[in-house]
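Worksheet: one structure, shown below.
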2 protein chains.
Amino acid sequence: MNLKQLSSLLGLSQTTVSRALNGYADVSEATRARVQAAARAHDYRPNTRAQALATGRSRVIGHVVPKISSHAMVNPIFADFIAGAGETYSAAGYEMLISLVDITEEEKAYHSMKRRGLVDGLIVSAPRMNDPRIALLDEIGLPYAVHGRATGTTRPYSWLDVNNRRAFARATNFLVDLGHRRIGLVNGLEKMDFAHRRRQGYEEALRAHGISPDPELMRQDEMTESYGWRAARDMLALPDPPTAILVSSVICMLGVRRAVEEAGLVLGRDVSAVTHDDQLSYLRDDGPVPAFTATRSSVREAGQRLARMVIDRIDNPEAPHVQELLEADLIIGRSTGPAPR
Amino acid sequence: MNLKQLSSLLGLSQTTVSRALNGYADVSEATRARVQAAARAHDYRPNTRAQALATGRSRVIGHVVPKISSHAMVNPIFADFIAGAGETYSAAGYEMLISLVDITEEEKAYHSMKRRGLVDGLIVSAPRMNDPRIALLDEIGLPYAVHGRATGTTRPYSWLDVNNRRAFARATNFLVDLGHRRIGLVNGLEKMDFAHRRRQGYEEALRAHGISPDPELMRQDEMTESYGWRAARDMLALPDPPTAILVSSVICMLGVRRAVEEAGLVLGRDVSAVTHDDQLSYLRDDGPVPAFTATRSSVREAGQRLARMVIDRIDNPEAPHVQELLEADLIIGRSTGPAPR
DNA sequence: GGGGTTTTCCAAAGCGCTTTTGTAACGTCG
DNA sequence: CGACGTTACAAAAGCGCTTTGGAAAACCCC
């Protein structure tokens with residue numbers, strides 16, 4: 001059933017039926033009701049492609065996932081972020097398009113998306129420092145919003161980020177208040193902006209307490225379980241090991257816990273650890289007293305809000321850019337305790 | 001730059017330019033080359049929406065993610081599966097559309113996708129037993145392929161699955177050969193087809209060795225770390241605890257390992273455990289001797305192949321349905337050893 | 001050199017919508 | 001009562017592509 005059939009069935013023109021369904025005023029309420037009833041009865045849905053062609057809007061929002069050659073490391077937060085964004089999209093009548101793009105062709109991919117009219121807007125994920133994508137998208141003229149920030153970018157852009165610096169500063173302060181002086185950092189890759197900021201917060205807080213950061217206690221890598229394990233094991237084997245460790249993700253934290261236990265120590269008593277917790281749905285750590293002390297911020301919620309942000313930019317591209325900085329909660333769990341003496 | 005502009009620029013008709021670019025024979029090689037050069041020079045890309053409207057094909061494949069009311073549990077394998085499928089899609093010139101749909105409206109969503117011409121085909125994930133979606137999609141007339149199987153469905157359909165029954169039978173046999181007689185099962189939700197099959201394989205193998213399955217040693221739930229921990233802890237606290245445990249996912253396995261260690265036991269010596277390993281990119285467990293003995297099968301590869309399968313069905317809807325059963329490798333790691341006596 | 005093929009191009013219709021531009025019909029009001 | 005709004009509908013153009021059905025030009029063969 002298409003518009004033509006529906007309208008001839010009703011004895012009306014396509015114009016009237018279209019305008020009736022799209023809520024225009026120049027249709028009497030009587031015929032509007034009649035049209036709506038018929039549309040419902042025949043389960044009429046306008047053909048998206050025709051609609052998109054006619055309006056110039058595809059009602060699709062793209063997420064570009066850069067992959068490094070064939071061996072793509074998928075970000076563990078990807079799924080929950082997508083889930084959050086998807087909720088907003090379906091509520092707002094948008095669809096979500098995910099495009100895996102080789103990192104060497106990313107620029108071409110954005111151009112192509114625009115020219116082919118594939119999407120109305122984009123989400124930019126995992127910004128790096130001085131990320132070139134922001135200037136590129138402005139030039140192309142595709143509305144977008146960034147998940148995170150790109151240090152070094154001066155032009156204004158819309159973003160949503162967790163206050164990573166403050167979160168890790170708070171976590172560091174919390175550990176210092178518990179009496180810890182040697183605090184390790186198991187960070188993500190520091191070319192990623194969020195990891196860079198986390199280290200800043202950590203170092204600032206240490207310095208504020210007169211502790212000078214020790215390079216031996218700072219690691220960075222892809223955030224896997226085995227990396228967490230390796231990093232913690234190595235740190236604990238140092239002549240002057242840390243009594244507390246700051247960890248960048250729950251997955252790493254699982255590895256850290258393993259290393260601590262394998263060293264014959266008890267987490268929260270002999271060694272304290274605080275992790276950042278994105279509240280991934282399959283790694284939920286709630287309950288009355290969570291296992292891990294954590295800086296917590298829902299990545300799903302970030303997805304929801306960021307989706308809203310792009311939609312707003314699509315609806316009103318001339319509006320000033322919007323920034324949203326989410327504060328992470330500091331959740332006290334059982335992985336921290338007073339520094340042993 | 002659109003077709004009209006490009007063709008007038010070349011002094012040719014739209015027809016000729018279109019047909020030149022699409023490889024039709026009734027264009028001289030000289031003009032084809034000229035057209036291609038001009039297209040490249042101006043970075044011309046046909047408008048997807050117009051192309052889709054004209055051809056009746058959208059070159060988009062949908063993935064429906066059912067969510068249970070607002071609180072959606074995202075499957076941890078989701079991201080890697082998508083990554084795999086995405087690789088095939090971009091190589092084949094397809095786009096991937098992900099749709100979050102409330103589980104109560106799933107049926108309506110499929111109808112709508114068809115009517116609106118949004119997608120050319122679909123991937124069906126996480127089939128349940130007697131899954132109604134298969135009959136529904138046949139009726140609607142949308143090409144699809146299923147990731148997994150739906151026990152109880154008699155009609156033919158295209159699917160790709162891991163041989164879960166055999167994988168878990170092999171794992172069980174392996175444990176029995178090591179001398180284990182009391183073997184626990186930490187399974188996924190058994191309304192999910194894969195979990196059901198894994199239990200079958202486990203029970204069959206036990207029975208083949210004259211061991212009758214003990215309901216006290218079998219658990220099922222959403223596969224989280226804390227579930228693994230709880231399940232293993234409870235089993236190990238039994239009067240006659242298991243000496244080995246079969247686990248349905250690496251995430252659960254992390255919890256199992258924690259419970260084992262907290263009980264003061266050593267994994268691979270006091271208690272053995274075998275997990276299924278989907279080779280999630282952020283939970284990679286390789287290296288010369290992996291930490292976990294596992295039945296291993298790459299979910300990313302499954303995504304790649306399944307994507308190919310839908311594309312084939314779209315290209316040739318009348319072709320007989322195709323089935324592909326992947327055998328999992330049994331990888332010996334450090335989490336198993338001879339039964340203690 | 002005329003009839004038949006083959007090659008190479010094009011005009012125009014069509015995909016299913018939205019939107020612009022009319023245009024009847026009906027009040028309203030000085 | 002004629003000028004003027006207002007209301008409720010419709011014809012037709014247009015979005016940017018593909019495809020059908022020619023048709024001119026070139027070639028071939030007897």
Side-chain angles (χ1 to χ4, degrees), chain A residues 1-36 38-39 42-60 93 95 111-120 314-315, chain B residues 1-36 38-39 42-60 93 95 112-120 315:
Chain A
M1 175 70 59
N2 59 23
L3 186 62
K4 195 174 186 175
Q5 292 163 2
L6 183 64
S7 54
S8 82
L9 194 132
L10 281 161
L12 290 167
S13 74
Q14 294 191 37
T15 310
T16 303
V17 175
S18 170
R19 295 181 78 80
L21 291 174
N22 289 325
Y24 282 76
D26 63 353
V27 166
S28 76
E29 283 313 314
T31 51
R32 187 192 305 283
R34 208 160 63 88
V35 169
Q36 279 169 346
H42 297 84
D43 195 29
Y44 165 74
R45 318 266 170 140
N47 181 301
T48 317
R49 304 176 305 219
Q51 216 167 22
L53 184 57
T55 58
R57 309 277 233 81
S58 64
R59 298 200 75 86
V60 172
E95 302 292 335
H111 268 117
S112 156
M113 289 197 151
K114 169 72 172 181
R115 306 205 88 114
R116 297 191 296 153
L118 204 55
V119 299
D120 292 341
I314 292 170
D315 289 343
Chain B
M1 175 70 57
N2 60 22
L3 186 62
K4 195 175 186 174
Q5 293 163 1
L6 184 64
S7 53
S8 81
L9 194 134
L10 281 161
L12 289 169
S13 74
Q14 294 191 36
T15 309
T16 303
V17 175
S18 170
R19 294 181 80 81
L21 292 173
N22 290 324
Y24 282 75
D26 62 353
V27 164
S28 76
E29 283 312 316
T31 51
R32 187 192 305 283
R34 208 160 62 87
V35 168
Q36 279 169 344
H42 297 84
D43 194 28
Y44 165 75
R45 319 267 168 138
N47 180 301
T48 317
R49 305 177 301 218
Q51 214 167 22
L53 183 57
T55 58
R57 308 280 231 79
S58 63
R59 298 200 76 85
V60 172
E95 302 292 335
S112 157
M113 289 197 151
K114 170 69 171 184
R115 306 204 88 115
R116 297 192 295 153
L118 205 54
V119 300
D120 291 342
D315 289 343

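Numbered from 1 within each chain, the chains take letters A, B, ... in sequence-line order. If you're wondering where the values come from, they're calculated on a predicted model, not measured in any experiment.
As a whole-Å value, the separation of Arg59(A) CZ from dT18(C) P is 12 Å. One can place CD of Gln5(A) at 11 Å from P of dC15(C), the figure rounded to the nearest angstrom. Between the CD atom of Glu29(A) and the P atom of dT7(D) there is a distance of 13 Å, rounded to whole Å. The distance from atom CG of Leu12(B) to atom C1' of dC10(C) is 10 Å, rounded to the nearest whole Å. Rounded to an integer number of Å, the gap from CD of Gln14(A) to C1' of dG14(D) is 13 Å. Counting to the nearest Å, the P atom of dG21(D) and the CG atom of Asp26(B) are 14 Å from each other. The CG-C1' distance, from Leu53(A) to dT19(C), rounds to 13 Å in whole Å. The CG-P distance, from Asn22(A) to dG16(C), rounds to 18 Å in whole Å.
In the set dA11(D), dT18(C), dT18(D), the nucleotide with an atom closest to the side chain of Ser13(A) is dA11(D). Considering only side-chain atoms of Leu3(B), the nucleotide from dG16(C), dT18(D), dT8(C) that sits closest is dT18(D). Of all nucleotides listed (dT18(D), dC10(C), dC17(D)), dC10(C) comes nearest to the side chain of Thr15(B). Of all nucleotides listed (dT8(C), dG16(C), dC17(D)), dG16(C) comes nearest to the side chain of Ala50(A).
Nearest-nucleotide assignment on DNA chain D puts the 5′-proximal partner with Arg32(A), out of Arg32(A) and Ser18(B). Along DNA chain C, the nucleotide closest to Thr55(B) and the one closest to Thr31(B) are compared, and the more 5′ of them pairs with Thr31(B). Toward the 5′ end of DNA chain C lies the nearest nucleotide of Val17(B), the other residue of the pair Val17(B) and Pro46(A) mapping further downstream.
Between the side chain of Arg32(B) and the main chain of Tyr24(B), a donor-acceptor pair closer than 3.5 Å is present. A donor-acceptor contact shorter than 3.5 Å is absent between the side chain of Ser18(B) and the backbone of Gln14(B). A donor-acceptor contact shorter than 3.5 Å is absent between the side chain of Arg57(A) and the backbone of Asp120(A).
Distances shorter than 4.0 Å separate none of the side-chain N or O atoms of Tyr24(B) from OP1 or OP2 on dC10(C). Between Ser28(B) and dC9(C) there is a side-chain N or O to OP1 or OP2 distance below 4.0 Å. Residue Asn2(A) has no polar side-chain atom (N or O) positioned under 4.0 Å from OP1 or OP2 of dC17(C). The phosphate of dT18(D) has OP1 or OP2 within less than 4.0 Å of a side-chain N or O from Gln51(B).
Contact record, Ser58(A) with Ala52(A): CA-CB, 3.9 Å, taken as the closest heavy-atom pair. Between Val27(A) and Thr16(A) the shortest heavy-atom distance is CG2-O, 4.1 Å. Nearest heavy atom pair, residue Met1(A) against residue Leu6(A), reads SD-N, 3.6 Å.
Among the heavy atoms of the strands lying under 4.0 Å from Arg19(B) is at least one base atom, whether or not backbone atoms are also near.
With hydrogens and angles left out, the side chain of Asn47(A) and the base of dC17(C) share no donor-acceptor pair within 3.5 Å.
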